[in-house]
Amino acid sequence: MGNHNEFGKEGEAIAVDFLIEKGYHIRNRNYHYLKAEIDIIAEKDGVLAIVEVRARSNDKIINIADTITKKKIKLLVTAADHYVTELGLDVEVRFDIIAILKNSKLFKIDHLEGAFYHF
């Protein structure tokens with residue numbers, strides 16, 4: 001596995017720990033439906049959070065939400081819809097991004113709730 005993939009998995013583990021500390025229940029990790037993968041599905045206070053994790057090791061200033069393409073959003077929405085329908089859930093669904101910046105100088109986590117598209 002390449003360093004990029006290993007760092008991505010580490011980022012997801014950090015995000016899971018972060019969400020648990022914030023009181024979320026982790027329902028699923030790496031949920032696959034067709035060509036989509038949801039990094040984390042978490043729930044808190046009747047809201048189902050579909051979480052995309054973005055981990056990076058450089059400290060370039062970028063808007064992390066801009067790194068998610070319309071195609072990726074469409075795939076996430078489709079997978080989330082399938083998950084909710086398949087389990088017969090009656091919950092509000094929210095799409096979040098957790099951005100992790102970790103390098104030798106910095107460690108920072110940003111949680112952007114409601115980053116895009118609600119249904």
- side chain to side chain contact (heavy atoms under 4.5 Å, CB included) between Ile68 and Ile73, intermediate numbers included: CA-CA 7 Å; Ile68 300 178; Ile73 292 170; 3.7 Å; yes
- Message: Distance check, rounded to the nearest 0.5 Å: Ile41 atom CD1 versus Leu89 atom CG?
- Response: 9.0 Å
- Taking atom CD1 of Ile98 and atom CD of Glu113, what is their separation to the nearest 0.5 Å? 9.0 Å
[X] vs [Y] side-chain heavy atoms within contact, under 4.5 Å:
X	Y	result
Tyr24	Glu43	no
Ile26	Ile20	yes
Tyr33	Leu75	no

- Query: side chain to side chain contact (heavy atoms under 4.5 Å, CB included) between Leu48 and Arg27: does it pass, once the steps are laid out?
  - Reply: CA-CA 9 Å; Leu48 193 71; Arg27 293 184 62 107; 3.5 Å; yes
- Message: If we ignore hydrogens and angles and just use 3.5 Å, is the side chain of Asp39 paired with the main-chain N or O of Val53 as donor and acceptor?
- Response: yes
- Message: Test your reading of the model: is there a side-chain donor-acceptor pair from Asp96 to the backbone of Val51, 3.5 Å cut-off?
- Response: no
- Message: Using ring pair (Phe, Tyr, Trp, His ring centres under 6.0 Å), reason through Tyr31 and Tyr83 one step at a time and then give a plain yes or no.
- Response: CA-CA 9 Å; Tyr31 176 79; Tyr83 183 85; 4.9 Å; yes
- Message: Let's go through Ile100 and Ile109 carefully: what are the C-alpha distance in whole Å and the side-chain angles of both, what is the deciding distance for side chain to side chain contact (heavy atoms under 4.5 Å, CB included) to 0.1 Å, and is it a yes or a no?
- Response: CA-CA 5 Å; Ile100 299 166; Ile109 299 175; 4.3 Å; yes
- Query: Are there more than 12 heavy atoms of other residues, nucleotides or ligands under 6.0 Å from atom NZ of Lys74?
  - Reply: no
- Report yes or no: do Val93 and Leu76 belong to one cluster of Ile/Leu/Val/Met/Phe/Trp/Tyr joined by side chain heavy-atom distances under 4.5 Å? yes
- Task: From the options Asn28, Ile50, Val16, select the one residue that forms a side-chain contact (heavy atoms from CB on, under 4.5 Å) with Ile40.
- Result: Val16
If every non-hydrogen atom of [X] is compared with every non-hydrogen atom of [Y], which pair is closest and at what distance?
X	Y	result
Ile38	Ala79	CD1-CB, 3.7 Å
Ala55	Gly11	CB-CA, 4.1 Å
Lys22	Lys44	O-NZ, 2.6 Å

- Given the rule in the side chain to side chain contact (heavy atoms under 4.5 Å, CB included) test, do Leu19 and His111 qualify, once you have shown the distances and angles that lead to the verdict? CA-CA 9 Å; Leu19 288 168; His111 184 188; 3.8 Å; yes
- Task: Determine, stepwise, if the pair Glu52 / Arg54 fulfils salt bridge (charged side-chain N to carboxylate O under 4.0 Å, His left out).
- Result: CA-CA 7 Å; Glu52 177 70 9; Arg54 295 293 192 191; 3.7 Å; yes
